[in-house]
Number of protein chains: 2
Amino acid sequence: MQNKIDLTIFRHGTGLLPSVSVDCVIFGFHDSQLKVLLLQPKGSCNKMLPGGFVQLSESLNEAAQRVLQERAGVKEIYLEQFYTFGAPNRTDDTIHKRYFNTIPIDLDENDWILKRFVSIGYYALTDFTKVKPTPDVLSDSCDWYDVYQLSELAFDHQEMVERALKTLRSKLDSDLVGFNLLPEVFTMQDLQNLYETILNEALLRTNFQRKILNLNILERLEKKMTGAANKAPYLYKFKK
Amino acid sequence: MQNKIDLTIFRHGTGLLPSVSVDCVIFGFHDSQLKVLLLQPKGSCNKMLPGGFVQLSESLNEAAQRVLQERAGVKEIYLEQFYTFGAPNRTDDTIHKRYFNTIPIDLDENDWILKRFVSIGYYALTDFTKVKPTPDVLSDSCDWYDVYQLSELAFDHQEMVERALKTLRSKLDSDLVGFNLLPEVFTMQDLQNLYETILNEALLRTNFQRKILNLNILERLEKKMTGAANKAPYLYKFKK
DNA sequence: CCAAAAGTGTTAAGGGTACACCCATGG
DNA sequence: CCATGGGTGTACCCTTAACACTTTTGG
């Protein structure tokens, strides 16, 4: 199921906001690893975040949503802006031109796409199991990668991931945003695992349980018999 | 002491990053009022935040610094990015064109300046007594206005002020950023006044004092004899 | 019965809140 | 001595941290 991308949008003056792009940092969780969604562009470029340009008629948020769907096949996801990146050298000319020369359209040598632009960073958290990453025609692959084991990324995308992660950590408690990363039902250990992975630090099991339960946002379901020689944990789900 | 602004920078293709601007929300404090710095543009336009465009060679932060100095005469101030505004209709065409037609240069009807652009919001806090607001050639005045008594502002600048204020409130405790708004020495009541004004709520005098002193960031100086028939308060200054 | 993991209780420390109380100042 | 406002003490509650204890599960 290949996504279509209208390459005409890359042409200058045909409905794109010059000098502005959006990049999406999408977090998922699997195998006790915090993952981020990356594209492998065709050619020998480093991996990059799914990003793209803003159409004249859409808001930045809408652009982020559309770009994420077109480039990675991920839709219906709540994205939040976290920072805007605007260092003058953030799009290194060589890599940059090499990348856009892989696109099979004519570009004027003076096209703004080949020059500096500003990028607005968006991030989101999603259930790993519900997403089928699908690369667009410009990319060889679209896959999840361990946030703590990233190889070098294109442009300033490494900095973007770091800053998104920092934002995620700071909002974890207040916005309870971490729950988006888990499936419908989960054990308390699953949740603690997630928290520990995001925060990159160990938490005390007993206090974590009390803290979460005191929030009164979880519904306790039946026990989960694992077959192991120990007490079976309860399953939980989010209250509506 | 009139600031100079090089009007050639408004010309298309002469070194500006298309579609991108910065706007600065500068907070000050005086007479128990939280103030924000606004320009009154020439013509009948609503008041606006000091803002401007980004040169191809400078970072967004540098652009914010420069723009603030050029348009309001405020320099050497630490600005922090708080949000990027990108609604497609944020620069209403009519007001927008009217404003840029007051600038005494030729603009192509299709110039991006007359169309939609994205604006990166920066905010800062500064000692009211140390700033001499100086309007640029495009403005009749540059002055402080009570944040809680603002008349309607141009474009989406009202939303910008609100969001900057929200950011300020959330960082008040953790970053101790409020102290920037006070002069070198101050009383505990001055500081509490400031906090209450920013947070828009009353605080308990005794607890506020203890909380601040427990931070161990203040140096207690001699008392301040006010001439009033009551105990003289201590003066404090920030430890380095 | 035992090991392992889940669940609950208990205690201490620290911060925030509310308020009572004492201290200086000038009339 | 009094009114006024500045400064300190105290009791209470809630949250967090640390750890002991009990319960469940299958071998």
Side-chain angles (χ1 to χ4, degrees), chain A residues 31-32 169-176 178-179 182-239, chain B residues 31-32 169-176 178-179 182-239:
Chain A
D31 278 344
S32 293
R169 282 179 180 155
S170 71
K171 299 207 169 179
L172 192 56
D173 269 345
S174 56
D175 295 7
L176 301 175
F179 291 88
L182 290 176
E184 191 92 12
V185 293
F186 48 86
T187 67
M188 197 55 80
Q189 193 182 189
D190 292 335
L191 185 58
Q192 184 174 346
N193 234 300
L194 171 64
Y195 266 68
E196 290 181 336
T197 304
I198 292 175
L199 298 174
N200 208 17
E201 67 178 4
L203 301 173
L204 276 176
R205 180 184 60 88
T206 56
N207 292 337
F208 180 78
Q209 164 129 338
R210 202 186 339 263
K211 173 181 163 179
I212 298 293
L213 290 182
N214 279 343
L215 297 174
N216 272 318
I217 51 167
L218 293 189
E219 190 177 336
R220 180 176 276 183
L221 308 174
E222 78 283 5
K223 289 188 177 184
K224 179 188 182 184
M225 294 301 182
T226 60
N230 52 42
K231 187 167 178 176
Y234 289 106
L235 289 171
Y236 295 91
K237 76 172 187 183
F238 228 164
K239 279 187 194 169
Chain B
D31 277 343
S32 293
R169 282 179 180 154
S170 71
K171 298 208 170 182
L172 193 55
D173 270 344
S174 57
D175 295 8
L176 302 174
F179 291 88
L182 289 176
E184 190 91 12
V185 294
F186 48 87
T187 67
M188 195 57 78
Q189 193 182 188
D190 292 336
L191 185 59
Q192 184 175 347
N193 234 299
L194 170 64
Y195 266 68
E196 290 181 335
T197 305
I198 292 176
L199 297 175
N200 209 17
E201 67 178 3
L203 302 173
L204 274 178
R205 179 182 62 87
T206 57
N207 292 337
F208 180 78
Q209 164 129 338
R210 206 188 336 265
K211 172 180 162 179
I212 298 293
L213 290 182
N214 280 343
L215 297 174
N216 270 317
I217 51 167
L218 292 190
E219 190 177 335
R220 180 175 276 183
L221 308 173
E222 78 283 5
K223 289 188 175 182
K224 179 188 183 185
M225 294 302 182
T226 62
N230 52 42
K231 188 169 178 176
Y234 288 105
L235 288 170
Y236 294 91
K237 73 172 190 184
F238 228 164
K239 277 187 195 171

Worksheet item: With side chains defined as the heavy atoms from C-beta onward, is the minimum distance between A:D190 and A:L194 less than 4.5 Å?
Response: no
Worksheet item: Taking only residues two or more places apart in sequence, or in another chain, which ones meet B:K211 in a salt bridge (Lys or Arg N to Asp or Glu O under 4.0 Å)?
Response: B:D173
Quick one: side-chain hydrogen bond (donor to acceptor under 3.5 Å, both in side chains) partners of [X], sequence neighbours excluded?
X      : value
B:S32  : B:N193
B:N207 : B:R210
B:E219 : none

Fill in: chain A footprint on DNA chain C, 5' to 3' - any atom under 4.0 Å from a heavy atom
C:dA3 to C:dT10
Under the ring pair (Phe, Tyr, Trp, His ring centres under 6.0 Å) test, residues paired with [X] that sit two or more places apart:
X      : answer
B:Y236 : none
B:Y234 : none
A:Y195 : A:F208

Return the polar atom pairs (N/O with N/O) between nucleotides 23-27 of chain D and the protein under 3.5 Å, or none.
{"residue": "D:dT24", "atom": "O2", "partner": "A:K231", "partner atom": "N", "Å": "2.7"}
{"residue": "D:dT25", "atom": "O4'", "partner": "A:N230", "partner atom": "O", "Å": "3.1"}
{"residue": "D:dT25", "atom": "O2", "partner": "A:A229", "partner atom": "O", "Å": "2.7"}
{"residue": "D:dT25", "atom": "O2", "partner": "A:N230", "partner atom": "N", "Å": "2.8"}

Worksheet, complete the sentence: So, with a heavy-atom separation below 4.0 Å from DNA chain D, the residues of residues 186-203 of chain B are B:Q189
Worksheet, complete the sentence: Residues in residues 204-218 of chain A with a heavy atom under 4.0 Å of DNA chain D, by number, are A:L204, A:T206, A:N207, A:R210
Practice prompt. Evaluate whether atom CD of A:E184 has more than 12 neighbouring non-hydrogen atoms of other residues, nucleotides or ligands under 6.0 angstrom away.
Written response: no
Worksheet item: Should we say atom CD of B:Q189 is surrounded by more than 12 heavy atoms from elsewhere, each under 6.0 Å from it?
Response: no
Worksheet, complete the sentence: Taking every heavy atom of B:N216 against every heavy atom of B:K239, the minimum-distance pair comes out as O-NZ, 3.5 Å
Discussion item. Filter on salt bridge (Lys or Arg N to Asp or Glu O under 4.0 Å), then keep only pairs touching residues 228-238 of chain A, sequence neighbours left out; what's left?
Written reply: none
